[in-house]
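Every chain is numbered from 1, with letters handed out A, B, ... down the list of sequences. This structure is a prediction, so every number in the text was calculated from the model and none was measured.
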Amino acid sequence: MRKLLPYLVSAGVIIFIAVFAPFLTPFDPYLQDTENVLEPPNFSHLLGTDIYGRDLFSRIIMGAQITVLSSLSVVISVSVIGVIVGAFAGFIGGKTDGFIMRVGDIFLAFPQMVFAIAMSAVLGGGLFNAALSIIVIAWPKYARIARSLTIAVSKSEYVAAAKISGGTDFNILKRHILPNIIEPIIVTAALDIGAVIMGLAGLSFLGLGAKPPAAEWGQMMNVGRNYLQIAPHIILAPGVAIFITVAVFNSLADKLRDVLDVR
Amino acid sequence: MKRRILNRLIQLIPIIVGLTFITFFMMRLSMTDAVDMMYGETGGASAEVMETKRLALGLNESFWTQYFNWIKNAIFLDFGNSYISGYAVFDTFLDKLPKTVLLTAVSLALTLMVSVPLGLIAAVKQNGKLDLIIRFFSFIGNSLPNFFVGLLLIYFLSLKLNLFPIVGLSDSLTGVILPAATLSVAMTAKYIRQIRALTLSELNKPYIIGARARGISEFNILFKSVLKSISLTLITLVALSVGSLLGGAAIVETVFMWDGVGKLAVDAINMRDYPMLQAYVLMLSVIYVVINLVADILYGVLDPRVKIGGNL
């Protein structure tokens with residue numbers, strides 16, 4: 001646990017910034033200031049300003065809220081849905097299990113990002129639809145893991161004992177199976193946080209996620225790429241923000257896997 | 001062996017049917033249909049005209065009838081016509097496909113050229129300085145989104161140093177290098193990790209000790225025995241990463257104005273050309289599934305254990 005601490009703290013700092021973003025911004029992230037557009041980083045605007053003169057530092061902090069919190073909710077939803085479906089399928093077995101897993105196989109056969117791009121486009125874009133399309137394509141991975149773990153745990157003696165002593169299915173799932181399959185799921189989810197952040201930002205970069213004027217990092221880079229030559233700081237700031245955030249969550253996930261010894 | 005391949009091909013059928021169903025269903029989630037698209041922009045057509053057109057196109061039929069009609073045509077590779085250009089979407093797709101194939105092939109080649117030697121070195125020098133440096137860079141590469149890498153490369157190599165054309169030039173060989181390099185950064189990072197881990201576990205196997213005891217040089221052990229046995233796993237790895245490559249290509253092609261199917265799809269999205277998008281999703285998924293099938297069969301052919309064992 002000690003080894004995890006620095007990683008937990010750095011992830012905690014990012015989550016803190018994300019949650020309290022509105023109180024941490026030095027300027028209003030949406031306030032336009034036509035007299036100070038495209039300013040390079042300086043003492044008043046630490047990361048400079050964008051084409052509308054909005055303070056980039058404030059927008060990066062605000063963006064932490066949009067990008068990080070939505071990515072975390074995607075990862076949590078995907079893993080919860082996947083675990084419920086997978087544990088149910090594994091526990092119940094038979095035809096229902098077969099059907100659920102075949103449906104999952106079909107979703108796994110799509111290239112993830114291709115599916116997410118198309119689905120969020122058809123739904124008309126927006127952060128919610130982008131998040132939804134990632135959830136729709138990503139659940140089978142968790143369902144598979146949860147299912148195989150559930151099947152393994154179901155064969156154990158304590159589950160047999162619980163069945164003999166008259167435990168209901170729901171209770172056995174909740175009290176005996178879930179607690180025993182949760183660690184690998186947590187590690188998988190942690191490893192996915194970085195990928196989901198990049199996926200959501202990528203969709204916003206294509207104009208399929210958060211819409212202007214939202215201070216979402218991918219969206220900011222989408223706007224900024226038109227000014228690459230004259231004002232590279234516009235894409236540099238959100239790019240580095242994504243990089244640091246993903247790096248922090250990736251290293252936390254790596255350590256978590258080592259500590260929990262999940263393979 | 002033949003039986004195994006046949007079995008795999010049969011297993012492929014329900015998957016592909018499922019792909020068509022989900023793709024078709026997904027496209028129906030849109031609030032606009034073909035008729036809205038045809039007349040919506042001009043705004044001129046009366047409700048009556050639009051209704052007649054809907055009848056003519058079969059859009060008033062039930063979901064299942066529409067699906068089966070679509071499937072019937074799709075079997076003959078007719079995915080309908082583009083809302084925008086009016087041309088058959090499949091022809092347009094085929095037209096752009098070689099560009100994307102070139103892009104993904106070059107980035108795969110780049111990835112393997114860099115990650116195989118680096119992964120092997122990192123494993124051999126486990127916990128040494130070189131290993132730490134290689135792992136550090138692979139960690140960084142793994143945390144960089146591809147669109148950021150692409151923009152950085154354009155900024156430094158094209159705008160500042162003038163080494164590469166800024167965008168496009170889809171036909172020149174220099175044109176493919178930057179987008180391919182962009183796509184391979186994250187992949188190289190992942191491959192290095194995998195190859196390092198695979199090599200480490202291989203080096204711990206008893207036959208390696210045996211080879212060392214017989215005085216076989218480390219070089220031969222590494223490049224003849226270890227590389228041979230991990231290359232099997234590499235085949236699976238490469239086939240699986242085609243999925244993320246194709247997804248990444250949509251973003252990278254847009255950044256570099258590379259005229260492949262990914263940019264085609266993003267353009268289709270901006271113009272709400274849903275038949276085009278539908279063909280893109282379905283074709284790429286089928287390509288992905290088939291590549292993985294081929295890798296699976298190849299694995300069987302190359303691995304004597306699977307070959308002799310028959311059913312694995």
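A/F110 and A/F107 have tilted rings, their planes meeting at an angle from 30° to 60° on a 0 to 90° scale. Taking the six-membered ring for Trp and thresholds of 30 and 60 degrees, B/W70 and B/Y67 have ring planes inclined between 30 and 60 degrees apart.
Crowding of A/F243 atom CZ: a count of heavy atoms from other residues, nucleotides or ligands under 6.0 Å exceeding 12.
With no hydrogens or angles considered, a side-chain donor-acceptor pair links B/S241 and B/Y191 at under 3.5 Å. Under 3.5 Å, the side chains of A/Y142 and A/D192 contain a donor-acceptor pair of N or O atoms. Looking at B/D273 and B/S82, their side chains do bring a donor and an acceptor atom within 3.5 Å of each other. In this structure, a donor-acceptor pair under 3.5 Å is present between the side chains of B/E253 and B/T100.
Using a distance-only test at 3.5 Å, with no hydrogens or angles considered, no donor-acceptor pair links the side chain of A/T49 to the main chain of A/H45. A donor-acceptor pair under 3.5 Å is absent between the side-chain atoms of B/N142 and the main chain of B/A189, judged by distance alone.
With a 4.5 Å cut-off on non-hydrogen atoms, A/T245 does not touch chain B at all. Within the 4.5 angstrom heavy-atom criterion, atoms from both the backbone and the side chain of B/I140 approach chain A. For a residue to count as touching a neighbouring chain, one of its non-hydrogen atoms must lie under 4.5 Å from one of that chain's; by this rule B/L277 touches chain A with the side chain only. Looking at A/L228, both its backbone and its side chain come within 4.5 Å of chain B, counting heavy atoms on both sides. Proximity to chain B (any heavy atom under 4.5 Å) is restricted, for A/L208, to the side chain, taken from C-beta onward. Neither the backbone nor the side chain of A/V136 comes within contact range of chain B; no heavy atom of the residue lies under 4.5 Å from a heavy atom of that chain. There is no contact between B/S244 and chain A, counting heavy-atom distances below 4.5 Å.
Between A/D254 and B/R193 there is a salt bridge, with a side-chain nitrogen of the basic residue lying less than 4.0 Å from a carboxylate oxygen of the acidic one. Taking a cutoff of 4.0 Å between a charged side-chain nitrogen and a carboxylate oxygen, A/K3 and A/D258 do not qualify as a salt bridge.
Highest contact tally toward chain B, considering only A/N250, A/V122, A/V246, is held by A/V122 [criterion: heavy-atom pairs under 4.5 Å]. For the set A/P238, A/A116, A/A109, A/A121, the count of heavy-atom pairs under 4.5 angstrom toward chain B peaks at A/A109. Of the residues considered (B/L19, B/V281, B/L284), B/L19 shows the highest number of contacts with chain A, using heavy-atom pairs under 4.5 Å. Of all the listed residues (A/A201, A/G125, A/G207), the one sharing the greatest number of non-hydrogen pairs under 4.5 Å with chain B is A/A201. Chosen from B/F148, B/Y155, B/Y280, the residue pairing most often with chain A at heavy-atom distances under 4.5 Å is B/F148. Most heavy-atom pairs under 4.5 Å with chain A: of the set B/A268, B/P145, B/A186, this distinction falls to B/P145.
Aromatic rings of B/F24 and B/F63 (six-membered ring for Trp) have centroids within the 6.0 Å cut-off, being under it.
Contacts between residues 215-226 of chain A and chain B, defined by a heavy-atom separation under 4.5 Å, are made by A/M221, A/R225.
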